[in-house]
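Counting from 1, the numbers follow the sequence of the chain as shown. These numbers come from the heavy atoms of this one structure, side chains and all, not from hydrogens, waters or symmetry mates.
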Amino acid sequence: MEALKNIGFKKHLMTAISFFLPIVVASGFLLAIGNMLGGETIEKFKEGFSFADAMTTMGGYGLGLLPMIVSTAIAYSISDKPGIAPGLIVGMVANGIGAGFLGGLVGGYIAGIVVLLITAFIKVPSWMQGLMPTLVIPFLSSFIAGLVMYYIIGTPINWFTGLITDYLGGLNTSSLFVYGAIIGILSSIDYGGAINKVVFAFVFAMFSEGIYEPITVLILASMVTPFGLTMAYFIGKVIRKNIFNRQEIETLKTAFPMGICQITEGCFPIVLNDLLRNVIATGIGGAIGGGLSMLWGADSHIPASGMFAIPTMTHPWAFLAALLIGSLATAVSILILKKRVDPNAEVIVEEKEEDDISWDDMKIS
């Protein structure tokens, strides 16, 4: 039962996201390319199909498997290999009853916990020990988790998903900006960390229901920091207020290209040098950019990849304009908050000499 007490829900969610994100990106690009070429889903293989149809169909298959992928990943993270079978089956049940991504998310936890409970409480004779991982645990855990999804949590999840979908679809313009600003702040202030991942799980649930604007805000917010800091460097040269030392200027040379691909982590050497001011500036840029993106209806049809997601959007100008304004807000904020520094100043790094180990001091008792 110790494993159940220390289950660590957030850790398993992070594992699931790392599992399904590459599949989502690959599937999204396939679907986007197919749609741009006028592809349609292949219904009957023997009737013939075009290249665009193949791309669209492959992308649709990948995205359609997401409830099973996230459920299996979470169940595996919780209970190792015995969680794979129940995780996959309960994910398929969630998909079949229309509970979608949220159903798969919840189902994965249920499957994993059921496996832990079975392992802890069901004892079998020694001659049956070999059947536990191949028969007893997969069958019982799949049976129990599947019934829980069918009869207990499936309907509430369907209701909750429909409620959020209808609510977001009925928001007025001022509310859209506020919601976009909230998502933008939460997505940007921890630079790809745990808060960002939790927000991703929520907005991706909306994405799987056909609401693309929230996840587009997350994409934008992840790019605001590298773009904003780069803009701050060039604006600082114009107004003659440099806020970066030599090491930070070198960091920008890699942080900006990484930002184009929606990778925020390249900014860490700059952010960690003055965390509070950078978090404030990033939050301001994320809020403004995110609010405008949501308000103007920027809608990426793939859930990641930064600038490479633009061809999939029906309003690419909205995304670019919101990103530009949000990044500019970050740049102006950080220029106001930080003091002027000498760009040629050497970065002082204290090197501490390690004490020599004397073998004479070692005693064996």
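In this structure, the side chains of Gln262 and Leu218 come closer than 4.5 Å at one or more pairs of heavy atoms. Side-chain contact between Ile280 and Ile284 is present, with heavy atoms from C-beta onward closer than 4.5 Å. Residues Ile118 and Val114 form a side-chain contact, since some pair of their non-hydrogen atoms from C-beta on lies under 4.5 Å apart. Inter-residue side-chain proximity for Ile249 and Asn245 is flagged as unmet; no heavy-atom pair is nearer than 4.5 Å. Two residues are said to be in side-chain contact when any heavy atoms from C-beta on lie closer than 4.5 Å; Leu324 and Met231 meet this criterion. Using a 4.5 Å heavy-atom cutoff, the side chains of Asn242 and Tyr233 are in contact. In this structure, the side chains of Met68 and Asn95 come closer than 4.5 Å at one or more pairs of heavy atoms. When side chains are defined from C-beta on, Val203 counts as touching Ile183, because their heavy atoms get closer than 4.5 Å.
Nearest approach of Ile97 to Met149, heavy atoms of both residues: CD1-O, 3.8 Å.
The aromatic rings of Phe227 and Phe256 are tilted relative to each other, their planes meeting at an angle between 30° and 60°. Using cut-offs of 30° and 60° on the angle between ring planes, the pair Trp296 and Trp317 is tilted. In this structure, Tyr212 and Phe207 have perpendicular ring planes: the angle between them is above 60°, well past the 30° mark.
Under a 4.5 Å side-chain heavy-atom criterion applied to ILVMFWY residues, the cluster that includes Phe19 comprises Tyr76, Ile84 as well.
Take Asp274 and apply the salt bridge (Lys or Arg N to Asp or Glu O under 4.0 Å) test, not counting sequence neighbours, and it matches Arg277.
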